[in-house]
Amino acid sequence: MKRSKNGSSPPLEPTDDLIPIEDATSDVLSGIVWGMDGTGKSLFLLNGAPLPIIVLNLDRPISSSLLRRVDEDRRAHIFVKNMRENLDDLDQLRSLQIKEGIERTIRKNRAFLRGGSLIIDGGSTFRDVIKIADAKIGQAIEQGRRWNPKAWGRR
């Protein structure tokens, strides 16, 4: 370790895998909007959630009729990552890839999302992805020890 001119040690720096606490906190809206298909959940969030918005779309493609109903001044602050491809062939490898893609997108956009909203559109599909990708979570869902939104739809 080099000594400074006055003989004291230079200040130590943290390793590059650590981040300041301000960057570790989250100001991203978190919650669940549950409802039957076609009831306007996506539109509700696109028109009302804090901006900016990132939509991780595991649901059907966003239609032009939905886009027309989103406030025009909000559209420039809404970004979408379509993740719908290959969901028909959902196996453990594909589920792990989708889960990692979601986590990577969140990590890479953490600063951009500060104060905004992350929307995972297609919560039932997301639940299936997690259930297949993580054996512990899948088992907990099957045993009723973990909340499953699909169960509420059957009541």
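Since the structure is predicted, the reported quantities are computational estimates derived from the model, not experimental observations.
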Provide the closest heavy-atom pair for [X] versus [Y] in the form atom of the first, atom of the second, distance.
X      : Y     : answer
Asp121 : Ser42 : OD2-OG, 2.7 Å
Leu66  : Ile62 : CD2-CG2, 3.7 Å
Ser117 : Ala49 : OG-CB, 3.4 Å
Arg74  : Ile78 : O-CG1, 3.4 Å
Ala133 : Lys99 : CB-CD, 4.0 Å

Would you give the length of the straight line joining atom [atom1] of [X] to atom [atom2] of [Y], rounded to the nearest 0.5 angstrom?
X      : Y      : atom1 : atom2 : answer
Leu43  : Leu45  : CG    : CG    : 9.0 Å
Asn47  : Ile53  : CG    : CD1   : 8.5 Å
Met83  : Asn57  : CE    : CG    : 10.0 Å
Ile54  : Lys108 : CD1   : NZ    : 10.5 Å
Ile102 : Glu100 : CD1   : CD    : 10.0 Å
Gln139 : Asp134 : CD    : CG    : 10.5 Å

Could you tell me if the side chain of Asp71 sits less than 4.5 Å from the side chain of Leu46, heavy atoms only?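 No, too far: nothing below the 4.5 Å cut-off.
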Stepwise side-chain contact (heavy atoms from CB on, under 4.5 Å) test for Ile98 and Leu90: CA-CA 10 Å; Ile98 293 169; Leu90 201 57; 3.9 Å; yes
Given the rule that I, L, V, M, F, W and Y join up when any side-chain heavy atoms are under 4.5 Å apart, are [X] and [Y] in one cluster?
X      : Y      : answer
Ile119 : Phe44  : yes
Ile132 : Leu93  : no
Phe112 : Ile120 : yes
Leu96  : Val129 : no

Under 6.0 Å from the CG atom of Leu18, do we count more than 12 heavy atoms belonging to anything else shown?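 Enclosed: over 12 neighbouring heavy atoms sit under 6.0 Å from CG of Leu18.
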List the residues meeting side-chain hydrogen bond (donor to acceptor under 3.5 Å, both in side chains) with Asn109, not counting sequence neighbours, and say none if there are none.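 Not a single residue meets the side-chain hydrogen bond (donor to acceptor under 3.5 Å, both in side chains) criterion with Asn109.
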List the residues meeting side-chain hydrogen bond (donor to acceptor under 3.5 Å, both in side chains) with Ser95, not counting sequence neighbours, and say none if there are none.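 With neighbours one apart ignored, the set is empty.
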Might you work through the side-chain contact (heavy atoms from CB on, under 4.5 Å) test for Leu56 and Leu118, ending with a clear yes or no? CA-CA 8 Å; Leu56 301 178; Leu118 172 72; 3.8 Å; yes
Results of side chain to side chain contact (heavy atoms under 4.5 Å, CB included) for [X] - residues two or more places apart only:
X     : value
Leu67 : Arg75
Ser64 : Arg68
Pro20 : Glu22, Asp23

With no hydrogens and no angle check, is any side-chain donor or acceptor of Asn82 less than 3.5 Å from a backbone partner on Pro61?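 Pair absent, no side-chain N/O of Asn82 close to backbone of Pro61.
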By salt bridge (charged side-chain N to carboxylate O under 4.0 Å, His left out) - contacts of Glu72 (at least two apart):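 Listed in chain order: nothing, the list is empty.
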Would you sort out whether Asp128 and Leu58 count as a side-chain contact (heavy atoms from CB on, under 4.5 Å), showing the intermediate values? CA-CA 11 Å; Asp128 291 342; Leu58 294 166; over 6 Å; no
